[in-house]
Amino acid sequence: MSTLTATKTRAVATVHDAFRTLEGDGFEVRRAIPSRRYEAIGPFIFLDQFGPIDVQPGEAKGASAHPHAGIETLTLMLEGRMQHKDSLGNISAMGPGEVQWMRAGRGIIHDESPDDIMRRDGGHQHGIQLWINMPKGEKHAEPAYRHVKRDEIPLIDAGNGTVRLVAGKVGSLTGPVETSGQPFVVHASLKDGGALSLDARSPRELALYVMIGEATIDGQTVTAGQLARLAPGDTVELTATPETELLLVGGDPLDAPIVRHGPFVMNTIAELEQAVRDYHAGRMGQIV
């Protein structure tokens with residue numbers, strides 16, 4: 001005789017508004033992680049949404065050369081174009097639907113700027129940047145970089161839009177970004193709105209961030225620029241208005257305290273001071 005195991009739908013624990021701030025060379029972002037109430041969701045210690053915005057010719061802005069250490073960055077380009085350069089010698093252009101992952105580790109310098117076409121012609125720009133905290137004992141790993149093409153990202157079956165698995169597992173699918181902390185990232189573009197049911201048993205911590213439109217989950221409506229932290233469970237059940245864009249992010253909780261200073265994230269003040277010294281001494285390389 002078979003035994004049926006009941007699934008538990010994830011409920012809303014809290015809802016928070018992202019705040020607006022300036023980043024890089026002066027472009028506005030909505031920052032949903034961290035907030036005054038929480039430092040991280042799973043391994044994610046940073047979530048910025050840039051755009052959606054129409055950029056006029058000659059007005060596109062990015063984040064010119066700057067360092068990072070102790071984290072991994074994960075950038076999702078939804079609309080527009082950017083060019084990545086780093087002190088490892090990587091150069092790649094990023095288009096709509098593509099993803100870039102970078103391990104800063106012991107230290108790296110990178111430049112994220114609009115490409116020549118975007119600078120010249122302008123256009124519509126929209127994207128997300130996440131920071132993944134690196135575990136204790138691994139923050140001095142060698143830097144690395146990967147550009148993930150659109151067709152490398154598996155699609156989750158949904159009749160009312162496009163649902164992409166960037167990281168983590170859903171059923172038999174596995175996202176292309178696999179790293180420490182068991183990160184879970186799903187991007188859903190629900191053009192027709194309606195219901196979405198998703199297997200979400202793998203991430204220990206999980207949050208829903210709405211970029212455009214609104215979604216109702218556990219009887220609570222989450223609007224654009226809001227992040228809902230979800231309670232433990234097996235599935236996410238929501239309904240969305242047409243043209244809604246949302247993100248599910250989560251994974252394993254942090255394994256150690258974090259100490260931040262701008263683009264550097266370590267576990268102790270001594271490690272942080274060393275990262276700053278390494279940067280100023282040129283030990284993180286340079287972009288040629």
Side-chain angles (χ1 to χ4, degrees), residues 19 21-27 29 31-36 38-48 50 61-76 82-92 94 99-113 127-147 167 177-183 185 205 249 251-288:
F19 64 91
T21 186
L22 294 180
E23 260 300 331
D25 300 329
F27 60 92
V29 299
R31 182 161 298 161
I33 303 173
S35 81
R36 294 177 182 175
Y38 53 88
E39 191 169 44
I41 303 293
F44 292 101
I45 58 173
F46 186 91
L47 189 165
D48 269 5
F50 52 94
K61 296 178 181 179
S64 52
H66 60 282
H68 284 294
I71 60 167
E72 298 171 354
T73 65
L74 185 62
T75 306
L76 285 65
M82 299 286 285
Q83 180 172 266
H84 167 97
K85 298 179 181 178
D86 63 43
S87 53
L88 299 178
N90 296 298
I91 300 176
S92 63
M94 186 179 185
V99 169
Q100 290 182 349
W101 168 86
M102 185 184 75
R103 181 197 296 131
R106 61 176 175 76
I108 194 171
I109 296 174
H110 74 152
D111 182 302
E112 303 164 291
S113 298
I128 291 284
Q129 184 167 94
L130 300 155
W131 289 6
I132 302 171
N133 192 39
M134 296 182 69
K136 182 179 180 180
E138 296 182 21
K139 285 183 171 287
H140 297 92
E142 287 296 312
Y145 174 78
R146 180 185 176 191
H147 185 158
V177 177
E178 298 182 81
T179 186
S180 55
Q182 302 295 317
V185 180
E205 296 183 353
V249 298
D252 292 345
L254 303 182
D255 67 342
I258 64 173
V259 182
R260 303 174 188 245
H261 177 68
F264 306 132
V265 182
M266 293 294 176
N267 295 132
T268 67
I269 292 176
E271 287 179 320
L272 193 63
E273 290 174 342
Q274 184 61 54
V276 174
R277 287 195 295 270
D278 287 345
Y279 169 58
H280 288 295
R283 287 190 283 269
M284 295 184 184
Q286 61 182 343
I287 297 174
V288 179

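For reference, positions follow the sequence shown, starting with 1. Note that the coordinates shown come from a computational prediction; the quantities given were computed from them, not determined experimentally.
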Looking only at heavy atoms, the pair that brings I287 and K85 closest together is CD1-O, 3.7 Å

Under 3.5 Å, is there a donor-acceptor pair linking the side chains of E112 and Q129? yes

Main-chain N/O of P135 paired with E138 side-chain donor or acceptor, under 3.5 Å: no

Nearest 0.5 angstrom please: D48 CG to W131 CH2, how far? 8.0 Å

Which pair of heavy atoms, one from D25 and one from S64, lies closest together, and at what distance? OD1-OG, 2.9 Å

Counting N and O atoms only, with roles assigned by atom type, does the side chain of N267 sit under 3.5 Å from a partner on the main chain of P257, one being a donor and the other an acceptor? yes

Would you call V99 and R146 a side-chain contact if the rule is heavy atoms closer than 4.5 Å? no

Of all the heavy-atom pairs spanning E72 and S180, show the shortest one and how long it is. OE2-OG, 4.5 Å

Set out, in order, the CA-CA distance, both residues' side-chain angles and the distance that settles ring-ring contact (aromatic ring centres under 6.0 Å, His included) for Y145 and H84, then state yes or no. CA-CA 10 Å; Y145 174 78; H84 167 97; 4.0 Å; yes

Distance from E273 atom CD to T268 atom OG1, nearest 0.5 Å? 8.5 Å

In terms of heavy-atom contacts, A69 and G107 come closest through CB-CA, 4.1 Å

Give a yes or no answer on whether the side chain of K61 reaches the backbone of E23 with a donor-acceptor pair at less than 3.5 Å. no

I'd like to know if the side chain of D278 and the backbone of A281 have a donor-acceptor N/O pair within less than 3.5 Å. no

What closest approach, in Å, do A63 and F27 show between heavy atoms, and which atom pair accounts for it? N-CE2, 4.1 Å

If we check side chain to side chain contact (heavy atoms under 4.5 Å, CB included) with P43, which of these qualifies: D255, T179, I132? I132

To the nearest 0.5 Å, how far apart are CD in Q83 and CD in Q100? 9.5 Å

Which atom names give the shortest non-hydrogen contact between R260 and I45, and what distance separates them? NH2-O, 2.8 Å

Interatomic distance, M266 atom CE to N133 atom CG [nearest 0.5 angstrom]: 10.0 Å

State the CZ-CD distance between R103 and E142, to the nearest 0.5 angstrom. 9.0 Å

Show your reasoning for whether side-chain contact (heavy atoms from CB on, under 4.5 Å) applies to L47 and F44. CA-CA 7 Å; L47 189 165; F44 292 101; over 6 Å; no

Quick one, Q274 with R283, criterion side-chain contact (heavy atoms from CB on, under 4.5 Å). Give me CA distance, side-chain angles, the key distance, then yes/no. CA-CA 11 Å; Q274 184 61 54; R283 287 190 283 269; 3.8 Å; yes

Pairwise distance CD1(I71) to CZ(F264) - rounded to 0.5 angstrom: 9.5 Å

CG (L22) with more than 12 external heavy atoms under 6.0 Å: yes

Determine yes or no for a side-chain-to-main-chain donor-acceptor pair under 3.5 angstrom, with H68 supplying the side chain and I108 the backbone. no

Is atom CZ of R277 surrounded by more than 12 heavy atoms (other residues, nucleotides or ligands) closer than 6.0 Å? yes

